[in-house]
*Asks:* 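My questions will all concern the structure given below.
Remember, it's a predicted structure, so these values are computed and weren't measured experimentally. In the text below, chain A, chain B and the rest are named by the order of the sequence lines, each starting its count at 1.
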Protein chains: 2
Amino acid sequence: MVILTRYQACMTAAHEIASLLDRLSRLHGTGRRAAGLNPAQASALDYLARANRFSRTPSAVADYLSATRGTVSQTLKSLAAKGLAQEGPGGSDRRSRRYDLTPQGQAVAGALDAAPQVDLPASQMEEVRDALQQLVRGMIAARGGRSFGLCRSCRHHRASAQGAHCALLDVPLRDEETTQICQEHEPGRTEKARPDGCDAGGE
Amino acid sequence: MVILTRYQACMTAAHEIASLLDRLSRLHGTGRRAAGLNPAQASALDYLARANRFSRTPSAVADYLSATRGTVSQTLKSLAAKGLAQEGPGGSDRRSRRYDLTPQGQAVAGALDAAPQVDLPASQMEEVRDALQQLVRGMIAARGGRSFGLCRSCRHHRASAQGAHCALLDVPLRDEETTQICQEHEPGRTEKARPDGCDAGGE
DNA sequence: TGCAATACTTTCGACTCGACACTATCAAAT
DNA sequence: ATTTGATAGTGTCGAGTCGAAAGTATTGCA
């Protein structure tokens, strides 16, 4: 009996993490709801602002957000209806669609991160961020999902004098695309510990 | 232009944390949905399994989960309808209600943490847990919420030869209650860095 | 006895979500 | 060229969440 209640309180780290995530999810969600957007729209908007041109399709958004295509389709349509995103053909595959942010959408996406959800010392912020990245990676791995890392940390990324190149899709990459999220991302080359590749040394 | 895209990718730690929380919330939520319960019900159930008798009221659940009382009232009713919780009078105040888990409810709550959401080395698990705790505390503090820590880490907690005692409510505490969550919790005594008080030395 | 505050419930409309069915397109085998 | 099956996306449906607002019962204070 004592053992039972003791176990309930001093539970495993995994359970404790799950409980903290419960609370965090709600704290975070209610905070985001404060803006004009609802949480699902805010999440999709943030993703679209950070994903490269190969990764702004409904399917990619659905994978990234762990939602179904049907749900994401509605969310993206509502973003388009609000003038924050624009739908267009996605590439050579005529089934594919792509959603690009409009200038208004980019402005709203920029405003979202201006609203501080939490106020911690900078060093703790980085600790927390690294831990969250570990956690996301662990959960993604546990269910066989995709990593959605930054293009330039991918094992298909090639840099040359003429510019960057993706060996998987066999296409040239614009310079700024190498720091965007890619749905095809596979970790492998450098930056294993930090696949989003946000290191120092600007430029 | 380059600065803009570079900024989008290498954003502030605060924004990065927000984005990670988006993804984490969805990963966590869909994982919980896999059981028979939906996320809100799972969160409430987990809380009820860990809160002491003063803290299992609809108002406390609402505060803990950052939801409104109306929403929580429905969630708790649905838990009761499923036979996982039982509603009863909450104490001397006849307005107050209390929801206790039934044996089935405790079983389901136990099964929830048996399903591993993430698989990381133990040391990383603890790092992640500590970071999440910091984050929750920071977000709670930023919006003036309550800490909901464990009873025995509260500044109103008194230990004596006859047993534990709460100086705020002026009631004796059963032994196992001191390791449960309390809505009246105010950090202050020991364990500032770890207000959930899950230290070693297991009885 | 009022009167305001509190604890909780109920109802309402907007919305999310997953499941499912559906169309369009592609790719590969025949 | 046709068939077959997989894939990308959309539309619809019901269950459920959410916050807001109104309502009830109770408490405590004047």
*Asks:* What is the separation between atom CG on B/Leu37 and atom P on D/dA15, rounded to the nearest whole Å?
*Replies:* 17 Å
*Asks:* Listed by chain and number, what are the side-chain contact (heavy atoms from CB on, under 4.5 Å) partners of B/Asn52, not counting sequence neighbours?
*Replies:* B/Phe54, B/Ser55, B/Gln180, B/Cys182
*Asks:* Would you mind listing every salt bridge (charged side-chain N to carboxylate O under 4.0 Å, His left out) that reaches into residues 18-30 of chain B, with sequence neighbours excluded?
*Replies:* A/Arg32-B/Asp22
*Asks:* So, OP1 or OP2 of D/dC18: does either fall under 4.0 Å of a side-chain N or O from A/Asn38?
*Replies:* no
*Asks:* By side-chain contact (heavy atoms from CB on, under 4.5 Å), which residues pair with A/Arg94, not counting sequence neighbours?
*Replies:* none
*Asks:* What range of DNA chain C does chain B touch, first nucleotide to last, counting atoms under 4.0 Å from its heavy atoms?
*Replies:* C/dA5 to C/dG18
*Asks:* Return the minimal non-hydrogen interatomic distance between A/Arg98 and A/Pro89, and the atom names on each side.
*Replies:* CB-O, 4.0 Å
*Asks:* Looking only at side-chain N and O atoms, does B/Gln41 offer a donor or acceptor that is under 3.5 Å from a partner on B/Lys82?
*Replies:* yes
*Asks:* Of all residues at least two apart in sequence or in a different chain, which pass the ring-ring contact (aromatic ring centres under 6.0 Å, His included) check with B/Tyr64?
*Replies:* B/Tyr47, B/Phe148
*Asks:* What does the list of N/O pairs under 3.5 Å between the protein and nucleotides 8-10 of chain D look like, with a distance for each?
*Replies:*
unit_1	atom_1	unit_2	atom_2	d
D/dA8	OP2	A/Arg69	NH1	3.4
D/dG9	OP1	A/Arg97	N	3.1
D/dG9	OP1	A/Arg97	O	3.3
D/dG9	OP2	A/Ser59	N	2.9
D/dG9	OP2	A/Ser59	OG	2.3
D/dT10	OP1	A/Lys77	NZ	3.3
D/dT10	OP1	A/Tyr99	OH	3.4
D/dT10	OP2	A/Ser73	OG	2.7
D/dT10	O5'	A/Ser73	OG	3.4

*Asks:* Identify the heavy atoms of A/Glu177 and A/Pro172 that sit nearest to each other, and give their distance.
*Replies:* OE1-O, 4.5 Å
*Asks:* Grab the two heavy atoms, one from B/Leu101 and one from B/Ala109, that are nearest each other, plus how far apart they are.
*Replies:* CD1-CB, 4.3 Å
*Asks:* Pick base, sugar-phosphate or nothing for A/Ser43, based on heavy-atom distances below 4.0 Å to the nucleic acid.
*Replies:* nothing
